[in-house]
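Here, residue 1 is the first one in the sequence, and each next residue gets the next number. Just so you know, ligand 1 is whichever comes first in the structure, and atom 1 is the first atom listed for that ligand.
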Amino acid sequence: MRRTIVAGNWKMYKDTHEAALFVDAFLDRLGALPAGVEIVLCPPFSALFAVGQRVRRTRVRLGAQNMHWEDCGAYTGEISPPMLVDLGVDYVILGHSERRTLFGETDDGVRRKTAAALAHGLTPIVAVGETAAQRDAGLTTARVVAQTQAALEGLPAGAVAKIVMAYEPIWAIGTGRNCDPEEANEVMRAIRGAVDGLAEAPILYGGSVKPENVAAYAACGEIDGALVGGASLDPNAFAALIASASVPE
Ligand code: 13P
C-alpha cells in the first residue's frame with residue numbers, strides 16, 4: 001500500500017550505547033512529528049535488540065539492513081528471517097548498493113531474500129540504483145528496471161504490492177550530490193511500471209537526503225519518502241527531516 005515512509009539506514013555506525021542515546025533523544029521529539037509518516041530505524045544487527053526494546057511501544061518501526069534467505073543452517077556470519085522476526089523487526093533493506101558492490105550480492109540473491117522476507121511477514125525495502133558511468137551512458141532506466149524485475153521475479157502482484165522499493169543512485173550516496181527530484185521522479189515512474197503490483201507499492205528515494213532537500217522529493221508524485229543514511233545518525237537532523245517529509249495536502 002502506498003504510504004509515506006522515512007527509513008534511517010545507520011549502516012555500520014553506533015554501538016548499543018550510542019544507539020540507545022539516539023533513540024532516547026529521538027523519542028523526545030516523536031510527539032511533534034507528522035502522524036502520517038511511517039518511521040523506520042535500521043541499526044546494525046548488534047543494536048537491533050537495544051533499539052527494538054526502546055521503540056516497542058511507540059510508532060517507530062524496526063528495520064534490519066540485510067539477512068539471509070534460509071531459515072537456519074550452516075551459514076557462518078549470517079542472520080535469518082525468523083531471527084529478525086524474533087527481534088521484533090518489521091522491515092529489512094535488501095540489495096543495498098553497498099552490499100552489491102562491496103560484498104558481491106547478486107540479483108538472484110536479492111530475489112531469494114525478497115521472497116523469504118515476504119514469506120516471514122517482513123517488509124522488504126528493495127534497493128536499486130545505477131552507477132555514475134551507467135547514468136552518463138544513458139542506462140539509468142534500463143539498469144533499475146532490470147534490477148527491479150530480477151528482484152521481484154516470480155512474485156504474484158499481490159505480494160509485490162507489499163514491497164517497498166528504494167531508488168538510490170549510487171553516485172548520490174554519501175556524496176552530498178543528491179539527484180534532482182524531477183529526475184528521480186521519472187526513474188521511479190519507470191520502476192513502478194516495471195512489475196505488476198508496484199503501482200500499489202511505496203517507492204523511496206535515497207542518496208544525500210537532508211532536512212533541507214527532503215520536501216522537494218516529498219512533493220513529487222511518484223516519491224513516497226526517503227531512505228536516509230548520514231542524516232539519520234543524528235536525532236535532531238532525523239527528526240527535522242521527518243518533519244519536512246509529509247506530503248503537502
Ligand atoms: P546517504 O543519505 O548518506 O547518502 O546514504 C544513503 C543510503 O545509502 C541509504 O541507504
What part of N9 sits under 4.0 Å from ligand 1 if we count only heavy atoms: the side chain, the backbone, both or neither? side chain

Would you please determine whether K11 falls within less than 4.0 Å of ligand 1 on a heavy-atom basis? yes

Closest to atom 2 (O) of ligand 1 among protein heavy atoms sits G229 N, 2.8 Å

Heavy-atom side-chain proximity of H120 to P82 below 4.5 angstrom: yes

Counting distance only, does the side-chain N/O of R192 pair as donor-acceptor with the main-chain N or O of E222 below 3.5 Å? yes

Can we say R112 and D108 salt-bridge, meaning some charged N sits less than 4.0 Å from an Asp/Glu carboxylate O? yes

For a quick check under 3.5 Å, do H96 and Q65 share a side-chain donor-acceptor pair by atom type? no

Atom indices of ligand 1 within 4.0 angstrom of G230 heavy atoms, with elements: 1 (P), 2 (O), 3 (O)

Looking only at distance, does S208 have an N or O less than 3.5 Å from an N or O of ligand 1? yes

heavy-atom search around atom 7 (C) of ligand 1 in the protein gives E168 OE2, 3.1 Å

N/O separation below 3.5 Å, E98 to ligand 1: no

Non-hydrogen atom of G206 closer than 4.0 Å to ligand 1: no

Do the numbers put R29 on top of the ring of F26, so that NZ or CZ is under 6.0 Å from the six-membered ring centre and no more than 45° off the axis? no

What are the atoms of ligand 1, with element, lying closer than 4.0 Å to any heavy atom of L227? 9 (C), 10 (O)

Distance-minimising heavy-atom pair for P169 and G206: CD-O, 3.3 Å

Distance-only donor-acceptor check, side chains N66 and K113, under 3.5 Å: yes

